[in-house]
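One structure is given here, and the rest of the page talks about it.
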Amino acid sequence: MSLSNVFYNTIFKRNSTFVPAVFAGAFAWSIGFEIAVTKFHDSWNKGKQWKDIRDKYATVEE
Amino acid sequence: MFAAAKNAGALRAASRAMKAGPRTTTARFASSSAGSSSGSFESFLNSRLTLASASLAAVGTVAWYTHLYGTLPFVGEAHASAASDEGMHPIAYPWSHNGVLDTFDHASIRRGYQVYREVCAACHSLNRIAWRNLVGVSHTADEARAMAEEVEYTDGPNDQGEMFERPGKLADYMPPPYPNDEAARAGNGGALPPDLSLIVKARHGASDYIFSLLTGYIDPPAGVEIREGMNYNPFFPGGALSMGRVLFDGLVEYEDGTPATTSQMAKDVTTFLHWASEPEHDERKKYGIKAVIILSTLFCISIYVKRFKWIPIKTRKLVYEPPVNKGH
């Protein structure tokens with residue numbers, strides 16, 4: 001059985017598996033997208049944001 | 001344009017007519033009757049849609065020009081004012097947050113807050129910024145709390161119905177230098193120092209203007225007289241303002257060791273005030289990245305789907321086979 005057949009039979013064939021797959025996929029994708037954009041944003045603005053300079057001012061908790 | 005098109009149409013019609021032979025009447029009335037190809041072009045030119053769109057384009061162009069430049073095109077105007085009365089255009093500076101992906105330089109915001117607190121806050125209020133707004137932007141929660149506690153706020157009423165003084169909390173707003181506008185005017189020779197919370201948004205030129213103004217004080221040029229107690233600044237509309245030059249080299253001492261030159265302090269306090277005007281700035285630009293990625297992807301997908309759906313319609317061929325005439 002080829003890979004596409006596996007996909008078809010496990011996900012797309014029944015609505016009861018397809019709809020949860022859509023929901024789970026959207027959830028996972030949005031998290032991954034957020035992480036990727038944040039990573040790019042932080043590297044682009046390296047050293048400028050508060051989280052980059054916070055260590056200079058925050059005192060360690062005792 | 002119209003006449004030329006008609007003549008060309010008539011010419012074409014005439015040559016067709018000559019090939020056809022005796023039908024000269026077609027050429028004779030070509031300009032007044034609907035021909036085949038020239039007729040469709042003429043009916044396009046004379047159509048209501050063409051008229052409407054041409055009118056719309058003309059009106060739109062004039063409206064756009066008027067909106068952009070403030071006056072109607074080709075209509076002269078006489079001005080009684082001199083250009084210097086409007087203030088010089090501020091110089092465009094390469095701010096580190098200029099780019100569409102660039103956040104504020106938060107170390108600069110922190111230094112700028114110090115400049116605001118030690119210099120500007122003597123006259124200018126900042127009443128839309130609370131101590132809590134500094135947390136996670138330029139100060140830690142502990143630092144902001146400690147700074148707030150140094151200020152006494154009036155609160156109440158208590159059980160006896162009396163107002164009382166208490167040290168500040170993170171939720172309190174920045175203390176104003178004067179209790180009200182009248183006191184502020186009285187303390188500054190009749191001129192009200194504007195609140196700085198939204199000053200970057202409230203002035204043409206924004207950050208560039210604030211920086212230019214702070215660093216632009218000069219002696220009035222020859223021939224310009226200003227009143228006693230006023231100061232000359234070419235970037236200020238009118239030239240004379242009540243606020244004098246306040247930033248001088250070495251005025252504050254930065255905790256991170258940055259040399260406190262006039263331009264450095266002006267840059268830092270302008271960055272701070274820009275943050276105060278647009279606290280959502282960094283987050284907004286991050287959402288911008290996401291929006292552009294998602295919307296452009298969806299746009300590409302929609303183009304693909306359109307082509308996918310239309311390709312059978314666009315490429316199909318209709319063949320007409322005339323019925324065979326089987327005699328009368």
Side-chain angles (χ1 to χ4, degrees), chain A, chain B residues 94-114 132-147 254-258 267-268 271-272 274-276 279-298 301:
Chain A
M1 198 161 64
S2 69
L3 195 66
S4 58
N5 275 338
V6 173
F7 268 112
Y8 176 74
N9 286 329
T10 52
I11 297 174
F12 295 101
K13 198 171 179 181
R14 283 168 222 90
N15 208 35
S16 56
T17 55
F18 181 58
V19 171
V22 167
F23 282 30
F27 183 71
W29 184 85
S30 67
I31 290 178
F33 185 60
E34 166 73 32
I35 290 172
V37 168
T38 306
K39 201 170 175 184
F40 164 75
H41 186 252
D42 289 351
S43 69
W44 183 276
N45 294 297
K46 204 177 178 74
K48 285 167 73 183
Q49 299 186 86
W50 170 246
K51 55 186 152 198
D52 300 327
I53 60 169
R54 183 179 179 278
D55 294 339
K56 291 188 215 164
Y57 307 108
T59 47
V60 185
E61 298 256 333
E62 283 139 42
Chain B
W95 298 98
S96 64
H97 51 264
N98 264 357
V100 292
L101 306 177
D102 293 334
T103 64
F104 285 128
D105 181 358
H106 284 244
S108 185
I109 294 179
R110 189 183 169 98
R111 290 192 298 269
Y113 171 74
Q114 189 184 348
R132 60 182 163 78
N133 295 128
L134 298 177
V135 176
V137 173
S138 59
H139 294 75
T140 64
D142 292 338
E143 286 173 324
R145 203 173 282 119
M147 290 191 296
Y254 285 134
E255 57 187 349
D256 59 2
T258 307
K267 176 231 167 192
D268 289 339
T271 306
F272 170 73
H274 197 154
W275 166 79
E280 81 290 352
H281 174 278
D282 294 357
E283 199 67 8
R284 171 162 60 77
K285 286 187 172 173
K286 194 170 153 189
Y287 273 104
I289 303 174
K290 286 176 162 186
V292 168
I293 292 175
I294 291 176
L295 293 177
S296 52
T297 309
L298 291 178
I301 291 175

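Here is the naming used below: chain letters follow the sequence lines, and residue numbers restart at 1 for every chain. Hydrogens, waters and symmetry mates are skipped; everything else that's a heavy atom, side chains included, is used.
Counting non-hydrogen atoms of other residues, nucleotides and ligands closer than 6.0 Å to CZ of F33(A) gives a total above 12. Counting heavy atoms of neighbouring residues, nucleotides and ligands inside a 6.0 Å radius, atom CZ of R54(A) does not exceed 12 of them. No more than 12 heavy atoms of other residues, nucleotides or ligands sit less than 6.0 Å from atom CZ of F18(A).
Nearest heavy atoms, V137(B) versus W50(A): O-CE3, 3.5 Å. Residues H106(B) and Q49(A) come closest through the heavy atom pair CD2-CA, 3.8 Å.
Neither the backbone nor the side chain of I109(B) comes within contact range of chain A, judged by heavy atoms closer than 4.5 Å. Of the two parts of I289(B), only the side chain, counted from C-beta on, holds a non-hydrogen atom closer than 4.5 Å to a non-hydrogen atom of chain A.
Between N45(A) and the choices D105(B), T103(B), D282(B), the side-chain contact (heavy atoms from CB on, under 4.5 Å) rule is met once, by T103(B).
The distance from atom CD of E283(B) to atom NE2 of H41(A), rounded to the nearest 0.5 Å, is 8.0 Å.
Contact tally against chain A (heavy-atom pairs below 4.5 Å) for G99(B), S108(B), S138(B): the top residue is S138(B). Per-residue counts of heavy-atom pairs under 4.5 Å with chain A were compared for H97(B), H139(B), K285(B); the largest is that of H139(B).
Side-chain N or O atoms of K48(A) include one that pairs as donor or acceptor with a backbone N or O of S96(B) at under 3.5 Å.
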